[in-house]
Amino acid sequence: MDNIMQSLLDSWQENAAVTEKDYTGDDGLLYCGKCHTPKQQRLDTDTYRQIQEINPEFPRIVYRMCDCQVHAEEKRQQALRMAEIEEARERCFPEKRLRTWRFCNDRGIGDRSAMQKAKRYAEEFSYALESNIGLLILGSIGTGKSFLAACIGNSVVEQGYSCLMTSFLRIEDGAWKAEDKEAYFDSFSFYDLLIVDDLGTERKTGYVDEIVTKVIQYRYNSGKPIIVTTNLTITDMTNEKIRIEDDRVYSRLFEMTKQIQVRGSDLRGMLNVEKNRKSKEIFGF
């Protein structure tokens, strides 16, 4: 206990950071020469008596942080937090451009209903994680499915959860290189949220089928949510003529997710038109 008290005392002394401008007030306490708030405090009688029973040499007046020190510490903690978020963001998004896809950067175009659903999911992610509720984001090419998924991923990271956004093409490439393939596939169960982009664009081979099935199964067994984006339609995924391997994957996904249908025209085309218009305005061509 004496060691704890000494550590506490040392901490207070370190936080004091006494400067030449500091001064002693009428109450006998040290004050900050910058913000004029106390850098010391006098322990109340009951607290001091309890501490004295443990350590009779412990002082009645101890150091504390003044207001400007508190503000500086808050800024330091905020900077550390932001650095942690950026590190987590880098781990989440192998593609740098995806790190900028956030709800705050929404340009007000695209399927507004789908956007609101995605925002709601991100805001209530703690419940989604607890209840293992994922999303299946469907829509034709260029409608903004990947953007919605990345926005959710960025929001989840900012809330302090772990997340990875990848694709089965990238997973396949990693599987070829992995020495311990079971450990590699098991790694996808560690994240609080796994986002897999563009289901259905991967090659249809026995090896790829095994990869897709394993990732979905490992994720299912983890009891944690998954978000999958796809150009496939519900009809495509429930057709009686689909392969048995696909049927197993789609059935499992339907069990694990709620669906968001992203409607509208090619969002990429709209953004390119806007980009070209702005370029012409600035560069003249």
Side-chain angles (χ1 to χ4, degrees), residues 85 88-129 131-171 188 191-202 212 215-216 219 224-237 249-250 253-275:
I85 289 175
R89 208 187 300 277
E90 289 179 11
R91 292 192 296 270
C92 177
F93 301 105
E95 295 183 48
K96 188 175 181 179
R97 65 192 179 98
L98 301 181
R99 300 169 198 167
T100 65
W101 290 6
R102 310 178 197 177
F103 290 118
C104 62
N105 295 333
D106 171 29
R107 301 188 184 186
I109 56 179
D111 189 330
R112 307 317 299 162
S113 174
M115 175 63 73
Q116 289 304 314
K117 291 175 182 177
K119 281 184 178 180
R120 182 67 173 174
Y121 180 86
E123 291 169 354
E124 302 296 336
F125 180 72
S126 60
Y127 177 76
L129 178 59
S131 306
N132 186 18
I133 299 174
L135 293 177
L136 181 60
I137 304 179
L138 308 106
S140 55
I141 296 174
T143 51
K145 303 181 300 299
S146 299
F147 179 77
L148 290 185
C151 285
I152 294 173
N154 274 295
S155 176
V156 164
V157 165
E158 289 164 7
Q159 293 175 56
Y161 297 102
S162 60
C163 177
L164 174 67
M165 184 168 180
T166 185
S167 67
F168 284 116
L169 291 174
R170 190 182 293 274
I171 292 172
F188 295 107
Y191 300 95
D192 295 322
L193 177 63
L194 177 65
I195 303 173
V196 184
D197 201 23
D198 282 337
L199 172 67
T201 59
E202 64 279 352
V212 174
V215 171
I216 299 299
R219 196 63 192 175
K224 296 176 182 177
I226 186 172
I227 293 177
V228 174
T229 74
T230 182
N231 299 332
L232 299 172
T233 66
I234 295 295
T235 301
D236 294 332
M237 302 172 79
V249 168
Y250 300 155
L253 278 178
F254 289 145
E255 181 182 350
M256 298 168 67
T257 64
K258 299 291 185 181
Q259 288 79 53
I260 294 180
Q261 182 70 50
V262 185
R263 307 181 189 281
S265 55
D266 188 341
L267 185 58
R268 295 176 193 167
M270 295 170 62
L271 293 175
N272 281 332
V273 169
E274 180 184 347
K275 182 178 180 180

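Since the model is a prediction, treat every value here as computed from it, not as a measurement.
- Listed by chain and number, the residues in a salt bridge (Lys or Arg N to Asp or Glu O under 4.0 Å) with R170 are E95 (sequence neighbours excluded).
- Residues K258 and I133 are in side-chain contact: their nearest non-hydrogen atoms beyond the backbone lie under 4.5 Å apart.
- Proximity of T229 to V262: side-chain heavy atoms (C-beta onward) are nowhere separated by under 4.5 Å.
- F188 pairs by the ring pair (Phe, Tyr, Trp, His ring centres under 6.0 Å) definition with Y184, not counting sequence neighbours.
- A donor-acceptor contact shorter than 3.5 Å is absent between the side chain of R263 and the backbone of G139.
- C151 meets the side-chain contact (heavy atoms from CB on, under 4.5 Å) test with F103, F147; sequence neighbours excluded.
- In this view, T233 and D236 satisfy the side-chain hydrogen bond (donor to acceptor under 3.5 Å, both in side chains) rule, not counting sequence neighbours.
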Subject >> Evaluation steps, side chain to side chain contact (heavy atoms under 4.5 Å, CB included), between E202 and I171 >> reply: CA-CA 10 Å; E202 64 279 352; I171 292 172; over 6 Å; no
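- Atoms CG and CG, on L164 and D192 in that order, are 12.0 Å from each other to the nearest 0.5 Å.
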**OP:** Begin with the C-alpha distance, continue with both residues' side-chain angles, and end with the deciding distance and a verdict on side chain to side chain contact (heavy atoms under 4.5 Å, CB included) for Y250 and L136.
**Re:** CA-CA 10 Å; Y250 300 155; L136 181 60; over 6 Å; no
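- Side-chain contact, S146 with D197: a donor N or O sits under 3.5 Å from an acceptor N or O.
- Atoms CD and CD, on Q259 and Q261 in that order, are 9.5 Å from each other to the nearest 0.5 Å.
- In this view, Q159 and S155 satisfy the side-chain hydrogen bond (donor to acceptor under 3.5 Å, both in side chains) rule, not counting sequence neighbours.
- Pairs passing the side chain to side chain donor-acceptor pair (under 3.5 Å) check and including a residue from residues 109-124, sequence neighbours excluded, read D106-R112.
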Original post:
Does the side chain to side chain contact (heavy atoms under 4.5 Å, CB included) test come out yes or no for Y191 and S162, once each step is laid out?
Top reply: CA-CA 5 Å; Y191 300 95; S162 60; 4.2 Å; yes
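- For the atom pair OG1 (T230) and CG (L199), the distance works out to 4.5 Å, reported to the nearest 0.5 Å.
- Taking CG of L135 as the reference point, atom CD1 of I260 lies at 4.5 Å (rounded to 0.5 Å).
- Every residue two or more places apart in sequence or in another chain that forms a ring pair (Phe, Tyr, Trp, His ring centres under 6.0 Å) with F125 is listed here: Y161.
- With sequence neighbours left out, the side-chain contact (heavy atoms from CB on, under 4.5 Å) criterion links S140 to T143.
- L148 approaches A118 most closely through the heavy-atom pair CD2-CB, 4.2 Å.
- Between M165 and the options L98, N154, V196, L193, a side-chain contact (heavy atoms from CB on, under 4.5 Å) holds for only L98.
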**OP:** Take R91 and V157 through the side chain to side chain contact (heavy atoms under 4.5 Å, CB included) test and state the conclusion after the steps.
**Re:** CA-CA 10 Å; R91 292 192 296 270; V157 165; over 6 Å; no
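- The side-chain hydrogen bond (donor to acceptor under 3.5 Å, both in side chains) check on N231 picks up K145, with sequence neighbours excluded.
- Residues P94 and C92 share a closest heavy-atom pair of CD-O, 3.4 Å.
- We find the OG-CD1 distance between S167 and I195 to be 12.5 Å, quoted to the nearest 0.5 Å.
- When all heavy atoms are compared, the tightest approach of M237 to F254 is CB-CZ, 3.8 Å.
- Among residues two or more places apart in sequence or in another chain, the salt bridge (Lys or Arg N to Asp or Glu O under 4.0 Å) test is passed with R99 by none.
- Taken to the nearest 0.5 Å, the CD1 atom of I227 stands 12.0 Å off from the CG atom of L253.
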